S.K.: 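One structure follows; several queries about it will come next.
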Amino acid sequence: MRRAALKDERGFTLVEMLVTIVMMLVVMSALYGLFDMGMRVYTLGNDKVNAVENARIALDKMSREIRAAYPADKASGDDSLLLSAGQDHITFGNDINGDRRLTCSDPGEYITYRLSGTTLLRSTNCDGSGAHAVAEHIKTLAFHYYAADGSLLDPTAPGFANEVAVVQVTLVAEVDHGSLGTSTQTLTTDVTLQNGPGQ
């Protein structure tokens, strides 16, 4: 009877232990793969949401400032709202001190938005210096200009600055996820100038 009890307590063989370990490794590897994929998807989504949210905040700020653009020298009859405009940049004024004219000596009266690499920059100096980042991961920044009748204007045409009634701003936010590819989001808004033609 004692021999029968000892026979039942002999345990597992080496082969059984090896098979068990291999099966546990396969299961753990599969679970790790699922966890890793879940983390990558989460990171991808989180990065895209952050980039788009930052671009949206920058677009809102830019829209508010462009909407309130002030004429270069209203006291002398110069109603030009856009001091410099192109497809990829815009410079306009904001009469900070209330003297009805924009001057370089008053900081903050000249506002410029432009793209440098993938960074949207905003400058408040008339020479464009002192720019600071407003948003990152911006692939493209584009401006289109429209007259009050809805016709598209050419920024290089004479008298262009006095005809602009609406500025269309387009930002494309792009996040590179390496081997997972890139994700992009396009944000567009139309800004009606408060001090534009007919206002």
Side-chain angles (χ1 to χ4, degrees), residues 50-174 185-199:
N50 285 339
V52 170
E53 189 59 29
N54 288 338
R56 189 179 314 278
I57 290 169
L59 186 62
D60 288 344
K61 179 181 180 72
M62 195 184 324
S63 298
R64 283 193 310 273
E65 291 184 336
I66 293 172
R67 185 173 292 112
Y70 195 80
D73 191 351
K74 194 165 190 168
S76 300
D78 183 357
D79 290 334
S80 302
L81 294 176
L82 304 180
L83 307 171
S84 174
Q87 296 287 325
D88 61 350
H89 73 281
I90 189 170
T91 300
F92 53 92
N94 186 349
D95 183 24
I96 299 284
N97 62 10
D99 66 355
R100 300 183 66 197
R101 68 174 42 102
L102 306 176
T103 56
C104 281
S105 59
D106 293 322
E109 290 202 338
Y110 285 78
I111 299 170
T112 300
Y113 282 98
R114 64 184 172 83
L115 196 61
S116 176
T118 60
T119 303
L120 176 63
L121 297 177
R122 177 183 182 269
S123 170
T124 56
N125 296 323
C126 63
D127 61 358
S129 65
H132 66 276
V134 178
E136 300 286 341
H137 303 290
I138 305 298
K139 181 181 179 184
T140 58
L141 168 67
F143 296 98
H144 295 93
Y145 308 94
Y146 296 90
D149 64 3
S151 59
L152 183 63
L153 298 172
D154 179 4
T156 62
F160 155 80
N162 293 320
E163 295 179 34
V164 178
V166 176
V167 178
Q168 184 181 73
V169 186
T170 303
L171 284 177
V172 178
E174 179 178 80
Q185 181 74 41
T186 302
L187 305 170
T188 302
T189 188
D190 292 338
V191 182
T192 302
L193 300 175
Q194 289 178 349
N195 299 310
Q199 302 297 322

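Here the structure is a predicted model, which is why all the values come from computation and not from measurement.
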S.K.: If we count only N and O atoms by modelled type, under 3.5 Å, do the side chains of Asp149 and Ser151 hold a donor and an acceptor together?
M.R.: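 Per modelled atom types, Asp149 and Ser151 side chains form a pair under 3.5 Å.
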S.K.: Would you say Leu59 and Val169 make side-chain contact, with heavy atoms under 4.5 Å?
M.R.: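 In short, these two side chains touch, coming nearer than 4.5 Å.
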S.K.: Between Val164 and Leu193, is a side-chain contact (heavy atoms from CB on, under 4.5 Å) present by the stated rule, with each step listed?
M.R.: CA-CA 8 Å; Val164 178; Leu193 300 175; 3.8 Å; yes
S.K.: Does some side-chain heavy atom of Thr118 sit less than 4.5 Å from a side-chain heavy atom of Glu174?
M.R.: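 SC-SC contact between Glu174 and Thr118 ruled out.
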S.K.: Answer yes or no: is there a side-chain heavy-atom contact under 4.5 Å between Val134 and Met62?
M.R.: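 Side-chain contact under 4.5 Å: no.
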S.K.: Measure the CD-OG1 distance between Gln87 and Thr140 for me, rounded to the nearest 0.5 Å.
M.R.: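 Here the interatomic distance stands at 11.5 Å.
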S.K.: What are the two closest non-hydrogen atoms of Ala135 and Asn54, and how far apart are they?
M.R.: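 In terms of heavy atoms, the two residues are closest at CB-O, 4.0 Å.
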S.K.: For Glu65, what residues pass the side-chain contact (heavy atoms from CB on, under 4.5 Å) criterion, not counting sequence neighbours?
M.R.: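 If we apply the side-chain contact (heavy atoms from CB on, under 4.5 Å) test to Glu65, skipping adjacent residues, the hits are Lys61, Phe92, Ile111, Tyr113, Arg122.
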S.K.: What are the two closest non-hydrogen atoms of Leu82 and Val167, and how far apart are they?
M.R.: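 So the minimum-distance heavy-atom pair works out to CD1-CG2, 4.5 Å.
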S.K.: Which residue, Ile90, Asp88, Leu120, forms the side-chain contact (heavy atoms from CB on, under 4.5 Å) with Leu141?
M.R.: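 It is Leu120, the one option of Ile90, Asp88, Leu120 that forms the side-chain contact (heavy atoms from CB on, under 4.5 Å) with Leu141.
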S.K.: If the plane angle is over 60° it's perpendicular, under 30° parallel, otherwise tilted; pick one for Tyr145 and Phe143.
M.R.: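 Taking Phe143 first and then Tyr145, their aromatic rings lie parallel (interplane angle under 30°).
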S.K.: Specify the closest pair of heavy atoms between Leu81 and Ala69, including all atoms of both residues, with the distance to one decimal.
M.R.: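 Residues Leu81 and Ala69, closest heavy atoms: CD2-O, 3.5 Å.
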S.K.: Can you tell me how far CG of Leu187 sits from CD1 of Ile57, rounded to the nearest 0.5 angstrom?
M.R.: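 If I round to the nearest 0.5 Å, the distance is 11.5 Å.
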S.K.: So which atom in Gln168 and which in Thr188 form the shortest heavy-atom distance, rounded to 0.1 Å?
M.R.: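 That closest heavy-atom pairing would be CG-CG2, 3.8 Å.
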S.K.: Determine the sole option in His137, Arg114, Glu136 for which the side-chain hydrogen bond (donor to acceptor under 3.5 Å, both in side chains) test with Thr119 is passed.
M.R.: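 Of the listed options, the one satisfying the test is Glu136.
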S.K.: Can you give me the closest heavy-atom contact between Leu121 and Ala131, atom names plus distance?
M.R.: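 That closest heavy-atom pairing would be CB-CB, 4.0 Å.
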S.K.: What's the shortest heavy-atom distance between Ala173 and Ala55, and which atoms?
M.R.: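 Closest heavy-atom pair between Ala173 and Ala55: CB-CB, 4.1 Å.
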S.K.: Out of curiosity, Tyr146 OH to Leu153 CG, how far, rounded to the nearest 0.5 Å?
M.R.: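 So the gap between those two atoms works out to 9.5 Å.
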S.K.: State, yes or no, whether a side-chain contact exists between Thr192 and Val166 at a heavy-atom distance under 4.5 Å.
M.R.: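 Yes. Closest side-chain heavy atoms under 4.5 Å.
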